[in-house]
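Notes follow the structure.
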There are 2 protein chains.
Amino acid sequence: MNSHKSDFTIGTLSKYSSVNIETIRYYEKVEIMPSPPRSEGGYRLYNEIHLRRLSFVRRSRELGFSLEEIRGLLTLVDDKSYTWAQVESLTREHLETTRKKIIDLQKLEVVLDDMASKCDGGHVPDCPVIDTLFGETLFVRSLGAFS
Amino acid sequence: MNSHKSDFTIGTLSKYSSVNIETIRYYEKVEIMPSPPRSEGGYRLYNEIHLRRLSFVRRSRELGFSLEEIRGLLTLVDDKSYTWAQVESLTREHLETTRKKIIDLQKLEVVLDDMASKCDGGHVPDCPVIDTLFGETLFVRSLGAFS
DNA sequence: TCTTGAGTCTGTAGTTCCTACAGGGTTTAC
DNA sequence: GTAAACCCTGTAGGAACTACAGACTCAAGA
(Lines give C-alpha, C1' and ligand atoms only; values in the text may rest on other atoms or scores of the structure.)
Protein backbone atom coordinates (compact mmCIF):
# COMPACT_ATOMS: atom_id res chain seq x y z
CA MET A 1 0.00 0.00 0.00
CA ASN A 2 2.87 2.41 0.56
CA SER A 3 3.72 4.18 -2.64
CA HIS A 4 6.68 3.38 -4.82
CA LYS A 5 8.81 6.30 -5.81
CA SER A 6 7.52 5.81 -9.39
CA ASP A 7 3.85 6.33 -8.50
CA PHE A 8 2.18 9.53 -9.54
CA THR A 9 -1.24 11.20 -9.33
CA ILE A 10 -3.86 11.75 -11.99
CA GLY A 11 -2.62 15.21 -12.93
CA THR A 12 0.79 13.87 -13.83
CA LEU A 13 -0.72 11.00 -15.79
CA SER A 14 -2.91 13.51 -17.58
CA LYS A 15 0.05 15.66 -18.47
CA TYR A 16 2.22 12.87 -19.83
CA SER A 17 -0.55 11.09 -21.70
CA SER A 18 -2.23 14.23 -23.04
CA VAL A 19 -5.56 12.85 -21.87
CA ASN A 20 -7.44 15.14 -19.60
CA ILE A 21 -8.31 14.28 -16.04
CA GLU A 22 -12.05 13.91 -16.48
CA THR A 23 -11.51 11.59 -19.43
CA ILE A 24 -9.17 9.39 -17.38
CA ARG A 25 -11.81 9.05 -14.67
CA TYR A 26 -14.39 8.33 -17.35
CA TYR A 27 -12.19 5.56 -18.79
CA GLU A 28 -12.00 4.07 -15.33
CA LYS A 29 -15.77 4.17 -15.00
CA VAL A 30 -16.31 2.39 -18.32
CA GLU A 31 -13.49 -0.06 -17.56
CA ILE A 32 -11.09 0.90 -20.29
CA MET A 33 -8.59 1.75 -17.57
CA PRO A 34 -8.34 -0.27 -14.33
CA SER A 35 -9.11 1.22 -10.94
CA PRO A 36 -5.67 2.11 -9.62
CA PRO A 37 -4.62 1.88 -5.97
CA ARG A 38 -5.31 4.93 -3.83
CA SER A 39 -3.28 6.98 -1.40
CA GLU A 40 -4.43 7.20 2.21
CA GLY A 41 -6.31 10.35 1.38
CA GLY A 42 -8.03 8.69 -1.57
CA TYR A 43 -5.90 9.98 -4.46
CA ARG A 44 -5.49 7.65 -7.44
CA LEU A 45 -1.92 6.40 -7.81
CA TYR A 46 -0.64 5.48 -11.25
CA ASN A 47 2.55 3.97 -12.66
CA GLU A 48 4.17 3.63 -16.07
CA ILE A 49 2.04 0.66 -17.08
CA HIS A 50 -1.01 2.87 -16.73
CA LEU A 51 0.68 5.57 -18.74
CA ARG A 52 1.45 3.25 -21.64
CA ARG A 53 -2.01 1.78 -21.69
CA LEU A 54 -3.60 5.22 -21.64
CA SER A 55 -1.33 6.50 -24.40
CA PHE A 56 -2.34 3.53 -26.50
CA VAL A 57 -6.00 4.34 -25.90
CA ARG A 58 -5.52 7.99 -26.79
CA ARG A 59 -3.73 7.27 -30.05
CA SER A 60 -6.20 4.61 -31.02
CA ARG A 61 -9.04 7.06 -30.44
CA GLU A 62 -7.29 9.65 -32.62
CA LEU A 63 -7.06 7.01 -35.32
CA GLY A 64 -10.78 6.56 -35.22
CA PHE A 65 -11.14 3.32 -33.26
CA SER A 66 -14.19 3.26 -31.02
CA LEU A 67 -13.87 2.53 -27.32
CA GLU A 68 -15.52 -0.79 -28.06
CA GLU A 69 -12.82 -1.67 -30.61
CA ILE A 70 -10.10 -0.55 -28.25
CA ARG A 71 -11.65 -2.65 -25.54
CA GLY A 72 -11.34 -5.58 -27.93
CA LEU A 73 -7.68 -4.89 -28.57
CA LEU A 74 -6.99 -4.49 -24.87
CA THR A 75 -8.83 -7.69 -24.09
CA LEU A 76 -6.20 -9.48 -26.15
CA VAL A 77 -3.81 -8.17 -23.56
CA ASP A 78 -5.85 -8.55 -20.40
CA ASP A 79 -7.82 -11.72 -20.88
CA LYS A 80 -6.26 -15.13 -21.09
CA SER A 81 -9.51 -16.95 -21.79
CA TYR A 82 -9.63 -16.40 -25.53
CA THR A 83 -9.26 -19.32 -27.90
CA TRP A 84 -6.71 -19.09 -30.65
CA ALA A 85 -9.42 -18.91 -33.31
CA GLN A 86 -10.94 -15.91 -31.59
CA VAL A 87 -7.59 -14.22 -31.26
CA GLU A 88 -6.75 -14.77 -34.88
CA SER A 89 -10.03 -13.47 -36.23
CA LEU A 90 -10.01 -10.45 -33.96
CA THR A 91 -6.45 -9.64 -34.88
CA ARG A 92 -6.95 -10.08 -38.61
CA GLU A 93 -10.10 -7.99 -38.46
CA HIS A 94 -8.24 -5.11 -36.85
CA LEU A 95 -5.36 -5.57 -39.28
CA GLU A 96 -7.78 -5.27 -42.18
CA THR A 97 -9.32 -2.08 -40.78
CA THR A 98 -5.89 -0.67 -40.11
CA ARG A 99 -4.68 -1.31 -43.67
CA LYS A 100 -7.76 0.33 -45.17
CA LYS A 101 -7.22 3.37 -43.02
CA ILE A 102 -3.61 3.64 -44.09
CA ILE A 103 -4.61 3.50 -47.74
CA ASP A 104 -7.25 6.20 -47.30
CA LEU A 105 -4.89 8.45 -45.42
CA GLN A 106 -2.22 8.03 -48.06
CA LYS A 107 -4.68 9.09 -50.73
CA LEU A 108 -5.58 12.15 -48.72
CA GLU A 109 -1.90 12.87 -48.18
CA VAL A 110 -1.22 12.83 -51.92
CA VAL A 111 -4.04 15.28 -52.59
CA LEU A 112 -3.02 17.67 -49.83
CA ASP A 113 0.67 17.49 -50.68
CA ASP A 114 -0.01 18.14 -54.32
CA MET A 115 -2.27 21.01 -53.42
CA ALA A 116 0.29 22.61 -51.14
CA SER A 117 3.16 22.25 -53.59
CA LYS A 118 1.26 23.56 -56.62
CA CYS A 119 1.06 27.02 -55.12
CA ASP A 120 4.44 26.90 -53.41
CA GLY A 121 5.89 30.39 -53.17
CA GLY A 122 3.04 31.91 -55.10
CA HIS A 123 1.00 34.88 -53.91
CA VAL A 124 -2.72 35.06 -54.31
CA PRO A 125 -2.76 36.89 -57.64
CA ASP A 126 0.08 34.73 -59.03
CA CYS A 127 -1.54 31.47 -58.18
CA PRO A 128 -3.95 30.34 -60.90
CA VAL A 129 -4.54 27.07 -59.08
CA ILE A 130 -6.57 28.86 -56.48
CA ASP A 131 -9.51 29.46 -58.77
CA THR A 132 -9.73 26.07 -60.35
CA LEU A 133 -8.90 24.30 -57.10
CA PHE A 134 -11.65 26.02 -55.22
CA GLY A 135 -14.05 25.83 -58.08
CA GLU A 136 -14.11 22.12 -58.59
CA THR A 137 -10.73 20.53 -59.10
CA LEU A 138 -9.89 19.65 -55.51
CA PHE A 139 -13.38 18.41 -54.98
CA VAL A 140 -13.36 16.14 -57.97
CA ARG A 141 -9.81 14.98 -57.49
CA SER A 142 -9.78 14.42 -53.77
CA LEU A 143 -13.23 12.97 -53.51
CA GLY A 144 -12.62 10.91 -56.61
CA ALA A 145 -9.67 9.35 -54.87
CA PHE A 146 -11.99 8.39 -52.07
CA SER A 147 -14.79 6.85 -54.05
CA MET B 1 -37.16 21.91 -60.71
CA ASN B 2 -38.09 18.76 -62.60
CA SER B 3 -35.84 15.90 -61.69
CA HIS B 4 -33.02 14.58 -63.81
CA LYS B 5 -32.99 10.91 -64.44
CA SER B 6 -29.84 10.68 -62.26
CA ASP B 7 -31.55 12.02 -59.14
CA PHE B 8 -32.24 9.68 -56.26
CA THR B 9 -33.78 9.76 -52.78
CA ILE B 10 -32.15 9.64 -49.38
CA GLY B 11 -32.45 5.86 -49.02
CA THR B 12 -30.41 5.30 -52.16
CA LEU B 13 -27.84 7.84 -51.08
CA SER B 14 -27.66 6.11 -47.71
CA LYS B 15 -27.14 2.74 -49.33
CA TYR B 16 -24.36 3.83 -51.68
CA SER B 17 -22.55 6.00 -49.17
CA SER B 18 -22.95 3.63 -46.21
CA VAL B 19 -24.10 6.57 -44.11
CA ASN B 20 -27.42 6.06 -42.47
CA ILE B 21 -30.44 8.21 -43.23
CA GLU B 22 -30.65 9.99 -39.90
CA THR B 23 -26.99 10.91 -40.13
CA ILE B 24 -27.48 12.39 -43.59
CA ARG B 25 -30.29 14.58 -42.31
CA TYR B 26 -28.13 15.51 -39.33
CA TYR B 27 -25.30 16.55 -41.69
CA GLU B 28 -27.75 18.75 -43.53
CA LYS B 29 -28.84 20.38 -40.29
CA VAL B 30 -25.28 21.17 -39.24
CA GLU B 31 -24.39 22.27 -42.77
CA ILE B 32 -21.85 19.63 -43.64
CA MET B 33 -24.12 18.64 -46.52
CA PRO B 34 -26.13 21.20 -48.51
CA SER B 35 -29.93 21.22 -48.51
CA PRO B 36 -30.78 19.37 -51.71
CA PRO B 37 -33.73 20.18 -53.96
CA ARG B 38 -37.01 18.48 -53.11
CA SER B 39 -39.62 16.56 -55.06
CA GLU B 40 -43.16 17.93 -55.17
CA GLY B 41 -44.06 15.78 -52.20
CA GLY B 42 -41.08 17.05 -50.21
CA TYR B 43 -38.61 14.19 -50.71
CA ARG B 44 -34.93 15.16 -50.83
CA LEU B 45 -33.36 14.61 -54.26
CA TYR B 46 -29.65 13.88 -54.50
CA ASN B 47 -27.15 13.40 -57.31
CA GLU B 48 -23.63 12.01 -57.68
CA ILE B 49 -21.98 15.18 -56.41
CA HIS B 50 -23.77 14.68 -53.13
CA LEU B 51 -22.72 11.05 -53.06
CA ARG B 52 -19.05 11.89 -53.49
CA ARG B 53 -19.11 14.59 -50.88
CA LEU B 54 -20.86 12.34 -48.40
CA SER B 55 -18.46 9.47 -49.04
CA PHE B 56 -15.59 11.83 -48.37
CA VAL B 57 -17.18 12.88 -45.08
CA ARG B 58 -17.77 9.29 -44.03
CA ARG B 59 -14.22 8.20 -44.73
CA SER B 60 -12.75 11.25 -43.07
CA ARG B 61 -14.84 10.53 -39.98
CA GLU B 62 -13.59 6.95 -39.94
CA LEU B 63 -10.07 8.31 -40.06
CA GLY B 64 -10.73 10.31 -36.93
CA PHE B 65 -11.24 13.80 -38.32
CA SER B 66 -13.85 15.81 -36.45
CA LEU B 67 -16.79 17.38 -38.24
CA GLU B 68 -15.10 20.71 -37.60
CA GLU B 69 -11.93 19.58 -39.38
CA ILE B 70 -13.93 18.14 -42.24
CA ARG B 71 -15.81 21.40 -42.48
CA GLY B 72 -12.41 23.07 -42.86
CA LEU B 73 -11.38 20.71 -45.64
CA LEU B 74 -14.71 21.15 -47.41
CA THR B 75 -14.46 24.89 -47.09
CA LEU B 76 -11.36 24.69 -49.25
CA VAL B 77 -13.71 23.29 -51.85
CA ASP B 78 -16.78 25.43 -51.28
CA ASP B 79 -15.45 28.83 -50.40
CA LYS B 80 -13.53 31.04 -52.79
CA SER B 81 -12.83 33.76 -50.26
CA TYR B 82 -9.74 32.23 -48.64
CA THR B 83 -6.37 33.91 -49.04
CA TRP B 84 -3.45 31.83 -50.24
CA ALA B 85 -1.77 32.05 -46.84
CA GLN B 86 -4.84 30.61 -45.18
CA VAL B 87 -5.10 27.84 -47.70
CA GLU B 88 -1.47 26.90 -47.32
CA SER B 89 -1.52 26.77 -43.55
CA LEU B 90 -4.75 24.82 -43.43
CA THR B 91 -3.52 22.36 -45.99
CA ARG B 92 -0.14 21.86 -44.36
CA GLU B 93 -1.77 21.43 -41.00
CA HIS B 94 -3.99 18.66 -42.30
CA LEU B 95 -1.06 17.13 -44.15
CA GLU B 96 0.89 17.03 -40.91
CA THR B 97 -1.96 15.35 -39.02
CA THR B 98 -2.45 12.90 -41.83
CA ARG B 99 1.20 11.88 -41.88
CA LYS B 100 1.24 11.30 -38.14
CA LYS B 101 -1.84 9.12 -38.40
CA ILE B 102 -0.25 7.06 -41.14
CA ILE B 103 2.83 6.48 -39.02
CA ASP B 104 0.79 5.39 -36.01
CA LEU B 105 -1.35 3.06 -38.07
CA GLN B 106 1.70 1.49 -39.66
CA LYS B 107 3.10 0.78 -36.21
CA LEU B 108 -0.14 -0.86 -35.19
CA GLU B 109 -0.17 -2.81 -38.45
CA VAL B 110 3.29 -4.24 -37.75
CA VAL B 111 2.26 -5.39 -34.29
CA LEU B 112 -0.97 -6.99 -35.45
CA ASP B 113 0.59 -8.60 -38.48
CA ASP B 114 3.41 -10.03 -36.41
CA MET B 115 0.96 -11.30 -33.84
CA ALA B 116 -1.21 -13.00 -36.44
CA SER B 117 1.71 -14.62 -38.24
CA LYS B 118 3.42 -15.90 -35.11
CA CYS B 119 0.59 -18.31 -34.43
CA ASP B 120 -0.19 -19.05 -38.07
CA GLY B 121 -1.50 -22.58 -38.39
CA GLY B 122 -1.11 -23.29 -34.70
CA HIS B 123 -3.79 -24.67 -32.45
CA VAL B 124 -4.26 -23.46 -28.94
CA PRO B 125 -2.02 -26.03 -27.24
CA ASP B 126 0.63 -25.72 -29.98
CA CYS B 127 0.87 -22.03 -29.76
CA PRO B 128 3.26 -20.94 -27.03
CA VAL B 129 2.92 -17.33 -28.05
CA ILE B 130 -0.57 -17.27 -26.62
CA ASP B 131 0.62 -17.26 -23.03
CA THR B 132 3.41 -14.75 -23.32
CA LEU B 133 1.43 -12.60 -25.73
CA PHE B 134 -1.51 -12.36 -23.44
CA GLY B 135 0.63 -12.08 -20.38
CA GLU B 136 2.65 -9.06 -21.29
CA THR B 137 4.39 -9.27 -24.61
CA LEU B 138 1.74 -7.72 -26.82
CA PHE B 139 1.12 -5.07 -24.26
CA VAL B 140 4.73 -4.07 -23.94
CA ARG B 141 5.52 -4.35 -27.60
CA SER B 142 2.46 -2.71 -29.06
CA LEU B 143 2.14 -0.03 -26.48
CA GLY B 144 5.87 0.50 -26.55
CA ALA B 145 5.63 1.23 -30.25
CA PHE B 146 3.07 3.86 -29.42
CA SER B 147 4.88 5.67 -26.69
C1' DT C 1 -58.77 4.12 -59.72
C1' DC C 2 -57.98 2.45 -55.42
C1' DT C 3 -55.21 0.16 -52.25
C1' DT C 4 -51.23 -1.44 -50.07
C1' DG C 5 -46.74 -1.31 -48.51
C1' DA C 6 -42.26 0.52 -48.77
C1' DG C 7 -40.13 4.79 -48.46
C1' DT C 8 -39.81 9.47 -46.64
C1' DC C 9 -41.02 13.53 -43.70
C1' DT C 10 -40.37 16.40 -39.08
C1' DG C 11 -39.56 16.28 -34.42
C1' DT C 12 -37.99 14.55 -30.15
C1' DA C 13 -35.61 11.59 -27.09
C1' DG C 14 -31.75 8.47 -26.28
C1' DT C 15 -26.56 6.89 -26.74
C1' DT C 16 -21.58 7.41 -26.79
C1' DC C 17 -17.68 9.78 -25.57
C1' DC C 18 -16.19 13.04 -23.56
C1' DT C 19 -15.81 18.03 -20.90
C1' DA C 20 -16.83 21.44 -17.45
C1' DC C 21 -18.24 22.84 -13.25
C1' DA C 22 -19.68 22.76 -8.01
C1' DG C 23 -18.68 21.93 -3.47
C1' DG C 24 -15.72 19.67 -0.77
C1' DG C 25 -11.38 17.07 1.11
C1' DT C 26 -5.92 16.38 0.65
C1' DT C 27 -1.02 17.69 -0.01
C1' DT C 28 2.80 20.31 -0.09
C1' DA C 29 5.74 24.30 0.45
C1' DC C 30 6.70 28.03 2.89
C1' DG D 1 -0.11 25.77 10.33
C1' DT D 2 -2.02 27.76 6.60
C1' DA D 3 -2.51 29.04 1.80
C1' DA D 4 -2.14 27.38 -2.98
C1' DA D 5 -2.40 23.69 -5.75
C1' DC D 6 -4.10 19.47 -6.21
C1' DC D 7 -7.62 15.73 -6.05
C1' DC D 8 -12.30 13.73 -4.85
C1' DT D 9 -17.43 12.53 -6.26
C1' DG D 10 -21.10 13.89 -8.20
C1' DT D 11 -24.02 16.07 -11.99
C1' DA D 12 -24.96 18.62 -16.05
C1' DG D 13 -23.63 19.89 -20.61
C1' DG D 14 -21.85 19.32 -25.67
C1' DA D 15 -20.71 16.75 -30.08
C1' DA D 16 -21.95 13.40 -33.18
C1' DC D 17 -24.82 10.45 -33.98
C1' DT D 18 -29.13 6.87 -33.67
C1' DA D 19 -33.75 5.37 -32.92
C1' DC D 20 -38.32 5.93 -32.65
C1' DA D 21 -43.37 8.03 -33.34
C1' DG D 22 -46.88 9.55 -36.06
C1' DA D 23 -47.93 11.40 -40.43
C1' DC D 24 -47.28 11.97 -45.49
C1' DT D 25 -45.69 10.26 -50.42
C1' DC D 26 -45.13 7.27 -54.11
C1' DA D 27 -45.01 3.25 -57.26
C1' DA D 28 -47.06 -0.98 -58.56
C1' DG D 29 -50.61 -4.24 -58.80
C1' DA D 30 -55.81 -5.81 -58.58
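First the proteins, then the strands, lettered A, B, ... as listed; each starts at 1.
Taking CZ of B:F56 as the reference point, atom CD1 of B:I32 lies at 10.0 Å (rounded to 0.5 Å). One distance of note links CG of A:L54 with OH of A:Y16; it measures 14.5 Å at 0.5 Å rounding. Taking CG from B:L13 and CG from B:D7, the interatomic distance works out to 11.5 Å, rounded to the nearest 0.5 Å.
The side chain of B:R44 contributes no N or O atom lying less than 4.0 Å from OP1 or OP2 of C:dT8. Within the structure, a side-chain polar atom (N or O) of B:Y27 is placed less than 4.0 Å from OP1 or OP2 of D:dC17.
Taking atom CZ of residue A:R38 and atom P of nucleotide D:dC7, one finds them 12 Å apart after rounding to whole Å. The distance between atom CG of A:L54 and atom P of C:dC18, rounded to the nearest whole Å, is 11 Å. Per the geometry, OH belonging to A:Y26 stands 18 Å off P belonging to D:dG13, to the nearest Å. Atom CZ of B:R71 and atom P of D:dA15 are 10 Å apart (whole Å). Atom CG of B:L13 is separated from atom P of C:dT8 by 10 Å (rounded to the nearest Å). Atom-to-atom, CD1 of B:I24 to P of C:dG7 comes out at 14 Å; the value is rounded to the nearest Å. Regarding B:E68, its CD atom lies at a distance of 18 Å from the P atom of C:dC18, rounded to whole Å. B:I21 has its CD1 atom 12 Å from the P atom of C:dT10, to the nearest Å.
Of the residues A:I21, A:L45, A:N20, the one that meets the side-chain contact (heavy atoms from CB on, under 4.5 Å) test with A:I10 is A:I21.
Closest to the side chain of B:T23, from the set C:dT8, D:dC7, D:dT18, is D:dT18. With distances taken from any side-chain atom of A:N20 to the nucleotides D:dA16, C:dC9, C:dA20, the minimum falls on C:dA20.
Summary of the strand contacts: B:K29 and B:T9 both lie near DNA chain C, and taking for each the nucleotide with the nearest heavy atom, the more 5' one is attributed to B:T9.
Taking 4.0 Å as the cut-off between side-chain N and carboxylate O, A:R71 and A:E68 count as a salt-bridged pair.
Panel note: side chain A:S17, backbone A:S55; no donor-acceptor pair is recorded below 3.5 Å.
In the hydrophobic clustering of this structure, B:Y26 groups with B:L51; members are Ile, Leu, Val, Met, Phe, Trp, Tyr whose side-chain heavy atoms approach within less than 4.5 Å, directly or through other members.
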Please list each protein N or O that sits under 3.5 Å from an N or O in nucleotides 20-25 of chain D, with the distance.
unit_1, atom_1, unit_2, atom_2, d
D:dT25, O2, B:Y43, OH, 3.1

